[in-house]
Structures are given as structure tokens and as C-alpha cells.
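A note on names: the letters A, B, ... follow the listed sequences, proteins ahead of strands, and every chain is numbered from 1. Scope of the values below: all heavy atoms of this structure, side chains included, with no hydrogens, waters or symmetry mates. Predicted model, so just to flag it, every value in this text is computed and none were measured.
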Amino acid sequence: MTDQYNPAEIEPKWQAKWDQDGLYQADIDPDKTKYYALTMLPYPSGDLHIGHWYAMTPSDARARYMRMNGYNVMFPIGFDAFGLPAEGAAIKHGIHPKKWTYANIDSMRAQLRSMGAMWDWRREAVSSDVKYYYWTEWFFIQLYKHGLAYRKHSTVNWCPSCNTTLANEQVWGDDRHCERCKTPVIQKDMQQWFFRTTNYADELLDFSDMDWSDQVRRLQTNWIGRSEGASVVFRTVPEADGDNGGDPIEIFTTRPDTLWGATFMVLAPEHPLVDKITTAENHENVAAYKEQAARQSDIQRSSVDKEKTGVFTGGYAINPVNQARIPIWIADYVMMGYGTGAIMAVPAHDERDFAFARKYDLEIIPVIQPEGEAFIGATMKEAYVGPGLMINSAHFNGVEISEEKGQANPGIAAVSDWLEEKGVGKADVSYKLRDWLISRQRYWGAPIPMIYCEQCGWNPVPEDGLPVVLPDDVEWLPTGESPLKLHPNWKNTTCPECGGPAERETDTMDTFMCSSWYHLRYLSPDYDKGPFDPEEYDYWMPVDIYTGGIEHATMHLIYTRFFHKAMRDFGITKGKEPMTQLRNQGMVLGEDGEKMSKSRGNVIAPDELVEAYGADTIRAYLMFFARWDRGGPWDSQGIEGSVRWVHRIWRFFADGRPELQSQNKDLEHSLRRKLHQILKQVTHDFENFEFNTIISSLMELLNEMYAARDAGGVGADVWAEVTDLYLRMAAPVIPHVTEELWERLGKPYSIHVQSWPTVDEEAIKVDEFTLIVQVNGKLRDRISVAVGIGEDEACEAALASEAVQRFVDGKELRRVIYIEGRLINIVV
RNA sequence: GCCGAAGUGGCGGAACUGGCAGACGCGCGCGACUCAAACUCGCGUUCCUUUGAGGAUUGUGGGUUCGAUUCCCACCUUCGGCACCA
């Protein structure tokens, strides 16, 4: 065995053999503990990115590690194949999205195979296959039947470039741009389909028994944005123009304790009651303000620094706690999309209301008095938002308001209870989370299986009428409008209620709907009696480890949890959560430290790297070069270190054991110690997804192995143990070269079905150790002493050191701190 | 403004529970091999003073401790998320 390491030869060879032998096929085995390892599925853009490698190969290595630990590991893969880029290609190059998508999938399959990952390709699922989206439609109908899918007219985010609506989660950044194409979104009033994600807001905040990264938990928690407070109903006052008033205006407040200080109300300009309460003499002003607010983009409108503006409607409301008659204004600092789109304004205790009141000369009544300070009075210079005692608040005067938020604050709780007793309000909770808008005005997506009939309204396609199949014969106009709308007859159908002529919904579903359940389709991608085979579900679910990018924290990772919980409530899925453990990798940046992009010209192409170095080396480098959860810039110099490592492994095994002159027991002993120390370390690091130190440990051990070999004296037994364990430890990282070397050692195929080695604690034990000697906390010497020596002996040994004496000599010994087996600190 | 993370040699990073700072690797320097170069191998590589030896050092400044990259306080910088959220 003297030939050179040639990955171009051995990698395809083993990939083909593994495939042929079905080495990575995972089937139900009741005798083994299952382990469902899932990595986020790629979109078939046409080219595998180094980012895919970064996400997938460490996930694969970990799945392999779990398999060697005796788990029955399922590691599936598929494609999130619906979506806008396919239509972009259709519009730009005249290629049908289906053709474009499936051609891309074909080429990406080959690219994915070059990673040498342990995917069970039999379980591949493609979300644009009819056999897949059949069930995406079916799930929609389940949501509809249970009242979680509904149609609503509202102001929605519209991407003018993608020509479609977007969910709130898909609008990013200060300029509120489209998550996909970065174009700033505009507002549009439309009828659209929504899912009631808000029904699950509270449950989605519960992360107990979940091993998810703190970051994702925090992002989701912020996104859901729960606030405790109270809802209170104010009523309008009859005005001279004949309106008899009494219309309820519900508001939400986190500070019901300040209700007595509410001196005016503010409605969002879009609030449905605005026109009704506006008096004739204010009509012109109000109309002008509404128009101006509508023209403003969300960015302008939500700028914090902007001076508050508003106009008086002429209407008044009665404050239900004290019957005060207060004016109703409209202002664009109140948002229709949060709470009820109406607020009570308490200028004394809210900064925004304060600024507004000062500007328009509205009344300010303080109702919270800071304890131990002078009466804050009406001359206050700024709103007081701290704790204190209630004043000007009838029988609540003197009640203490602590700094606690929500019902945890006894004062707030007391007021809330009283509101409920009086029938004017109640303790309530508000969320920033909004219902999930799933309608997309696009062709290449799962059809929304709904039918509209003039007589009967909206009805779902009967389940035996599923799937609603996308027509192939579609054309795109240069405007980019959805071709489903323009199709001559696809939308024509009959009403499932009355049998009369009716029309299909021509919008399709957000692709996040497809990806909310792909982990279920992997269970049985060809199953046709339901979305998945229940037997497979019962064995494999839930997902044991889910890996993927952090960018999905508030989109996919919220949607899929919502989906699972809703389906659980319908009796379709089981358990609290779909994925019990989640880890997120960082991002590989270009060599310039910037995000990789074609326009910057800093893209690293994995195919070229495979050709130049082989997959094993890339895998090793991606695991080594940065902390996996952080990522960092690619370094084409740095990969040379991994190249050398793999070559050094190859050479070590190729050269074999030199002829033994005389056995060196001490050397064998220390080599075995290193081996098992490293095994312990690598095991720990695999458990904790610390991939970079796995590689450095393996490098360290290899260096030691070379040194021991060159020193001579390693006998056959120890040599066999070291080489065997080394290959096993490296196998998850570099599966091809280890398989090849394993075979060349004459070991039974395959290394990937071997067990993970166990640490020999005896081997790690030492009878001497290096005692760290400090004087006044500073390192002065290191001395070798016997294990288990006591403090007195250690101290004696330390004081015997010349280096120590230099610092101790002539000084009074004040204290000695001895940490057994580690260190002694002499304080003088 | 709010929530959070990070800051360690020229670079990526390591240090698991408060106990040897800089593992491992890149790069660089010197040497061996070579006619030569590449590869490979060996040695060195935080900074400062330096003969020996010592001093300083984990963003900055304090604190706790025998001892702090690690814990606490304040500040600076960078990054991520949210943001007129009532």
C-alpha cells in the first residue's frame, strides 16, 4: 500500500457502494432507539452553495456519530421546490417553472451526493410533486374545517417586485423590505387567506422541555411580543348632528391603573369608527389627515423621532371609570395592526401621549405619585412612567403600583378585577404576533383548494376532489402577474354546495406552508392514504435534532411549531413539539468577510473544491475553521491545513508500523493515555456540536502518533488499538478516506456500522502529574509529583524548587492553597 | 430606545466547574532534503526589556478572590433582533 491519496478515485467508489448496499437506509426497528436527524431542506436554486455544505456536513457527521452510538438514525433529504425564483426564470428566460425546478433538482442531487452524507434517498420528498402538494392542500382543508384558516379583507404587505403579498414575518429591516428580493414593500387592501397563528401565541411562548438555542427562543419570544394589561370599553357620546352615540371603542392598555388619567383617546386613521364619529365641521381636516397618513409609507410612519401629529374628530367618549367626557383624536402614531387600533391617552404617564398633549394643548392629569417625592402636579416636564401610589383615582387612591408588569403587579390586578366587576373591561393580553397571511398571487405554489360560488360563498374542494393540480399550460405576461388568473378555464369549476358554476381560488399558498410539514412527508414520501404513514410517525417522530440557519427563527420555525400544534389539536400529530432539539449554524462569508454573492464575486463553489481536494477535506475544513454556530470568512489558504491533515492520515496508515526493535512500555502507556483522553474529548465535543475542537483533537492525536512511531517501540497491540480507534473517531468527519483505510487494514465492511469506542478510564489514569506552583498567584514552576500526595508533601516539593525559593526566600509564609492534582499556591 | 451576543497573538480559533492563557491550524522565519523549486520533514513564532532572568498581556476602568479570559459593576466597540406595541 504505497499509492497516493486520491479522493477523486476513492470517494465516488465508496459513495456508489454505500448506495448499492443501502448502507444508510433507515427502517423501523423496534429493538433499537430511533434517532430522527433532520437538516433544513434546500431550495433547488440550481447550484449547491458552500453554505449548504456548512449546514449539512457537520449535521451528517453528528448523525453518523449517533449511529455509531447504536441509534437507528434516519437522516432524510428533499427539496423545498415551490417558490418565486422558478417563476422568475419563466418570465426572464421563458422556461417553464416545472422544467426549471426539476432540472435543478437533478443537478443538485448529484452535488449533494458528492458530500458523502448518510442520506436515505428513498425518503426524498419534493414539495412540488403532486403526491406531496396533494397533502399540503389537504392540510389547508383541515385548518379551514377547524376554523383556523379564514379569509379577511385587510391591509397587507405587497412586494411590487415579486407581485405578491407577503406575511408579516417576510418583511424585514428598517426599510421594511421583502425578505427575498429586498424591495421595500407597499401596503395594499386585499381579501386574503390567513391562518390563526395567534390562537397559539401563548403556547408558542412555552419552550419547556425543548432543547432549542437561547437565541431562537428569544427571537421568537420577541416576535410574539406578549403584553399583559386590560381591555376596556369606552363609549362615544351623542352629538348634536343626530348620531345617538353609544358606540363601543375597545382599547388595550398595559396600565389600567392609569385609567383615571385618560384625558383623550386616539384612534388609528384607518379605524372603522373614524368616519362615524367625525363631526361635520371636522370632516375636512380628518379626511385630509387620513389621506396623508395613507400616502405615507410604513417607514416614515413608524419613525420614532418623528414629531407626533393628529387631528381632532369632533367626537367625544365617556371614560367608563369616572364618566369623564374626553375628546377623540386620530393620529398616525396609533397603529391599526396592533391592539384594537385605538388607545386611551394618559399623557401624565406615557411619553408619547405626553408629547401629543403638550403639542395640542390637551389636559394632563397625574394619577401616579412617586413615593417620597413632591406632588408631581400639572407642571410636569415629562411623563412619569415609574412606580408610585395611585392618586386622583377615586376609591383606588393610595393603592401602590409597583414596578412589576401586568397581573404580577397587585395594583394593576386589583384595577383589572374591578373593571371586570363593573362590566367595562377585563384583564387581557395583547400580542405583536399577527395571523399568518398565506395567499400568494403566484403560479408556482400549492393551490389553495377553495371554491367560490356566487350563491354559496367559499367552500373547500371536497376531499375526494383533491388534489387540485396546477395546470401546465400557462403563460406569463411581462407584468409578472400570476398566470393562474389569466388561464382560460382552469379556474372554472362547479360549486361543491349547489353544483352551480363556480370559480377556484387562483392564489397559491406561501411555500412556508409546504415546509411546515416536510419532516412528516419524509416518513413515507409515497404514502397515498394520508400525508404520512401513522406507523412511521409513531416510530420516528418527533425529530430528535433539527439543524439549520438562524434566519428562519421567526418564519419557518414558528410556522412549523404552529402547524404541529394545530394538527395535534385535530388528532393528526402527537406531542407538544415537532422538534425537540434545535441547533443553528452560522454563515460562511466570502474571503473579503462579506456575505457571498454573485455580484461581489466572492462566491466559493463547492464543486471546484471537491475536484481540487475531495469531499473529506472540505468537510474537515468546514468543521474546523470556525465555531459552527458562528461561522466566518472562508480562507483558501486555511484549507491547506485540512489538506495536510488528511494526507498525513493517509501516509501514516500507508507507511504502517515500523519493525519493532524493542518494546517501549512507557511510550505505549503515554500513547494510550493520549488516545483515550482524545476519545473522551471528541465524544464530549460531538455531544455538544463543538466540531472545530473535534478536528483539532484528532490533529493533536495524529501528531502524537507520528511522534510515538518515530520514537520507536510501539508494539502490535497498542498500534492496532490506536489505528482502529483513530479511524472510528474520524469516520463521521471524513467518511470516505476512513472507509478506504479501514478496508486496507483488513477490517470488516463498513466502518460506518462500527460502534463508537468507549473510553478506557484506566488508560487515562496517571501516577505522576505536573503540579503547578504559584507564589502569590503567579506561576513560578512546574514540578512532577506523584498522584495523591497531600498538601504537606506538595508544599515541601514546591519549596524545594529553586525558582520558588527565589520568590519565597526571606518572606513570611502566610498561607498555602492546595488544589489536589492541579496546583499549589504559596502566599507570602 | 428595548432585548441579546461577541471582543483573546499577524489571522481563524482553544482554554469543559474560578486554577499552566494562546491547544490545533493558517501565515511567517530559520534549517534539512533538492542542481533548483514545490511537496515533505525539523525547529521557532503574544509583546517588551534581556546575558542570565524577568515584566506586561485575554476591549477599557474598577471590584470580589490566594488566584479572574471565566464571577460582579461601569464604560467603549462590533454584530444580530425588535421598535410610536399603547
Just to be sure I understand the rule, does [X] reach a base, reach only the sugar-phosphate, or reach nothing, if contact means heavy atoms closer than 4.0 Å?
X: Glu700(A); result: sugar-phosphate
X: Asp214(A); result: nothing
X: Tyr431(A); result: nothing
X: Trp223(A); result: sugar-phosphate
X: Arg352(A); result: base
X: Gly638(A); result: sugar-phosphate
X: Asp350(A); result: nothing
X: Arg648(A); result: sugar-phosphate
X: Ile819(A); result: base
X: Ile817(A); result: base

Examine distances only and state if a side-chain atom of Gln220(A) and a backbone atom of Leu557(A) form a donor-acceptor pair shorter than 3.5 Å.
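A pair under 3.5 Å: yes.
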Tyr333(A) six-ring centre to Arg352(A) NZ/CZ under 6.0 Å and within 45° of normal
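No, a cation-pi geometry is absent between Arg352(A) and Tyr333(A).
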Between the side-chain atoms of [X] and the base atoms of [N], is any donor-acceptor pair under 3.5 Å?
X: Asn222(A); N: C82(B); answer: no
X: Arg218(A); N: C3(B); answer: no
X: Glu640(A); N: G25(B); answer: no
X: Lys432(A); N: C85(B); answer: no

Which of these nucleotides, [options], is closest to any side-chain atom of [X]?
X: Arg815(A); options: C24(B), C66(B), G80(B); answer: C66(B)
X: Thr693(A); options: C24(B), A15(B), C84(B); answer: A15(B)
X: Arg627(A); options: C26(B), A14(B), C20(B); answer: A14(B)
X: Thr253(A); options: G12(B), A86(B), G19(B); answer: A86(B)
X: Phe807(A); options: C26(B), G54(B), C84(B); answer: G54(B)
X: Asp635(A); options: C41(B), C85(B), C26(B); answer: C26(B)
X: Leu779(A); options: A21(B), C24(B), A14(B); answer: A21(B)
X: Ser696(A); options: A86(B), C41(B), C24(B); answer: C24(B)

With side chains defined as the heavy atoms from C-beta onward, is the minimum distance between [X] and [Y] less than 4.5 Å?
X: Tyr818(A); Y: Cys795(A); result: no
X: Phe252(A); Y: Asp428(A); result: yes
X: Phe624(A); Y: Met699(A); result: yes

Separation of atom [atom1] in [X] from atom [atom2] in [N], rounded to whole Å:
X: Ile695(A); N: A14(B); atom1: CD1; atom2: C1'; result: 14 Å
X: Asn776(A); N: A68(B); atom1: CG; atom2: C1'; result: 16 Å
X: Ile639(A); N: C24(B); atom1: CD1; atom2: P; result: 21 Å
X: Ile251(A); N: A86(B); atom1: CD1; atom2: P; result: 12 Å

How are the rings of His552(A) and Phe512(A) set to each other: parallel, tilted or perpendicular (split at 30° and 60°)?
perpendicular
If we count only N and O atoms by modelled type, under 3.5 Å, do the side chains of Gln187(A) and Asn157(A) hold a donor and an acceptor together?
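On atom types as modelled, these side chains qualify, holding a pair under 3.5 Å.
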Residue whose closest nucleotide on RNA chain B lies nearer the 5' end, Thr340(A) versus Gly641(A)
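Between the two, 5'-proximity favours Gly641(A).
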5' priority, RNA chain B, between Arg651(A) and Arg780(A) [closest heavy atom]:
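Residue closer to the 5' terminus by nearest nucleotide: Arg651(A).
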Which base, if any, makes a Watson-Crick or G-U wobble pair with U46(B), both distances under 3.5 Å?
A56(B)
